[in-house]
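Keep in mind it's a predicted model, so treat the numbers as computed, not measured. By convention in this document, chain letters (A, B, ...) are assigned in the order of the sequence lines, proteins followed by strands, and residues within each chain are numbered from 1.
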Amino acid sequence: MPLDEQDLVRRVVTSHDRHAFGELVRQHQSQLRYSLRQLTGWNEALADDLAQETFIRAWKSIGQFRGDSKFFTWLYRIAYNCFAAHHRGRKPEESADDEFLEQHGGTSDHSIDLHRDFAVALAQFPPQQRMALHLHLHREMTHEEIAETLDCPLGTVKSHIQRGREKLQEKLSAWRTGDGG
Amino acid sequence: MNHIDSMLATIRHSEPYFDDHGFTVAVLSALPEERELPLWIKNAMMIGATAAGSAVVAWQAAGIRPEALLSQLTLDTTTVAIAALCVYAFSSAMVWVVRREIV
């Protein structure tokens with residue numbers, strides 16, 4: 001039976017319990033790594049590096065987690081900051097699509113194609129819009145929750161999502177006829 | 001339901017689960033030995049240090065012993081200036097704390 005998340009967080013905050021923190025990592029690693037793959041154009045190595053960095057930052061600053069939001073929402077805020085910092089430091093010619101193509105070449109794993117293609121389609125957007133779209137479309141977070149997570153105005157979030165959906169619809173239209181894989 | 005909605009529904013329902021494969025162990029081994037102090041401890045230290053500093057300044061500037069401080073307090077210029085300094089230092093500490101909480 002999975003241990004209660006609030007109890008784990010309390011143990012980490014009060015007694016720096018590494019075992020409890022390890023349990024939190026185990027519980028959230030898959031979802032976070034998936035999210036970061038979506039944000040990085042399905043760059044697996046980069047996504048895992050960012051996920052690791054996210055958990056390390058979370059460990060350092062968990063004393064600031066006040067429990068008024070879900071732990072995972074707080075983790076996403078850190079993940080977004082890691083991702084945005086990485087994106088700012090990246091060379092301009094490096095695009096997520098290029099990284100993706102380098103990694104995967106012509107190989108095709110049909111079980112994951114849809115997720116991968118969606119990630120590549122997301123990579124056309126700037127980081128903040130990408131994160132807003134991911135949180136709304138994949139994680140079904142409300143506009144208000146996203147605005148809080150990204151620390152940006154509600155109107156910006158709504159605009160990011162509305163325009164982003166339209167662009168995604170065009171970009172992924174190939175999947176309608178089944179020739180997108 | 002339009003195209004993108006049905007596609008997203010498929011994506012949400014088929015999200016893969018990634019096996020740990022040593023990920024958690026790698027994270028735990030990369031954690032620093034010392035973690036940052038909890039925010040409330042930092043805040044308590046900041047306020048405590050400010051209060052203690054203010055008390056020392058007041059004591060030294062007034063040239064009086066602590067036990068005689070209350071009995072010798074008068075509303076002269078020095079006392080008012082020291083009180084204002086203490087209030088300013090304490091307020092600054094509180095503003096710092098509140099800003100840290102918001103961030």
Side-chain angles (χ1 to χ4, degrees), chain A residues 12-14 16 18-19 21-35 37-38 44 47-49 51-66 109 111-112 114-115 117-119 121 133 136-140 151 165-166 168-173 175-176 180, chain B residues 1-54 88-103:
Chain A
V12 176
V13 172
T14 56
H16 298 197
R18 282 171 180 255
H19 179 72
F21 189 73
E23 191 54 40
L24 284 170
V25 175
R26 251 183 292 277
Q27 286 181 11
H28 294 292
Q29 59 86 18
S30 178
Q31 268 194 306
L32 187 67
R33 287 163 72 200
Y34 175 81
S35 289
R37 284 180 195 204
Q38 283 294 333
E44 295 171 19
D48 281 4
D49 284 350
Q52 184 168 346
E53 192 183 334
T54 300
F55 282 117
I56 291 170
R57 283 198 199 181
W59 165 260
K60 287 179 181 172
S61 58
I62 201 165
Q64 294 174 32
F65 175 63
R66 286 178 292 175
D109 173 1
S111 63
I112 212 77
L114 181 59
H115 299 276
D117 286 357
F118 198 89
L133 283 164
H136 185 67
L137 302 176
H138 286 88
R139 300 291 174 229
E140 300 184 277
D151 195 21
R165 275 181 67 100
E166 289 163 8
L168 278 172
Q169 181 100 35
E170 289 170 26
K171 184 97 176 171
L172 295 165
S173 58
W175 275 91
R176 190 195 299 271
Chain B
M1 186 183 277
N2 66 26
H3 170 59
I4 196 165
D5 287 330
S6 64
M7 183 180 184
L8 284 163
T10 308
I11 285 179
R12 281 194 293 268
H13 288 115
S14 63
E15 179 175 326
Y17 178 83
F18 297 121
D19 287 327
D20 191 285
H21 288 312
F23 179 83
T24 300
V25 173
V27 169
L28 292 179
S29 63
L31 294 181
E33 282 303 313
E34 291 298 323
R35 197 155 51 78
E36 276 184 25
L37 288 173
L39 192 58
W40 71 269
I41 293 181
K42 286 184 183 174
N43 293 342
M45 286 168 65
M46 180 69 184
I47 292 173
T50 306
S54 300
Y88 174 76
F90 192 76
S91 306
S92 300
M94 289 304 293
V95 167
W96 184 85
V97 165
V98 169
R99 283 173 59 91
R100 294 265 310 175
E101 287 284 352
I102 291 169
V103 171

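- If you tally non-hydrogen atom pairs under 4.5 Å between each of A:I56, A:L137, A:D151 and chain B, the highest count goes to A:L137.
- For B:F23, the part lying near chain A is the side chain, with the backbone staying farther off; criterion is any non-hydrogen pair under 4.5 Å.
- Atom OH of residue B:Y17 and atom CZ of residue A:R33 lie 8.5 Å apart, to the nearest 0.5 angstrom.
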* To do: Just do the side chain to side chain contact (heavy atoms under 4.5 Å, CB included) check on B:V27 and A:W59 with the steps written out, would you?
  => CA-CA 10 Å; B:V27 169; A:W59 165 260; over 6 Å; no
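- Nearest heavy-atom pair across A:S30 and B:P16 is OG-O, 3.9 Å.
- Nearest heavy atoms, A:K60 versus B:P32: CE-CG, 3.7 Å.
- The two atoms that bring A:L172 and B:M7 nearest to each other are CD1-CE, 3.6 Å, heavy atoms only.
- Judged purely by atom type and a 3.5 angstrom limit, A:H115 uses its side chain to pair as donor or acceptor with the backbone of B:S14.
- For residues 8-21 of chain B, the salt bridge (Lys or Arg N to Asp or Glu O under 4.0 Å) pairs, not counting sequence neighbours, are A:R139-B:E15, A:E140-B:R12.
- Closest non-hydrogen pair, B:A26 versus A:Q52, comes out as O-NE2, 3.6 Å.
- For A:H136, the ring pair (Phe, Tyr, Trp, His ring centres under 6.0 Å) partners at least two apart in sequence or on another chain are A:H143.
- A pairwise comparison of heavy atoms in A:Q169 and B:I4 identifies OE1-CG2, 3.3 Å as the closest pair.
- Interface remark: B:L31 contributes backbone and side-chain atoms alike to the contact with chain A (heavy atom separation under 4.5 Å).
- Contact of A:R57 with chain B is not made at all, since no heavy-atom distance falls under 4.5 Å.
- Minimum interatomic distance between B:T24 and A:G22 (heavy atoms only, all atoms of both residues): CG2-O, 3.5 Å.
- Between B:I11 atom CD1 and A:Y34 atom OH the span is 5.5 Å, to the nearest 0.5 Å.
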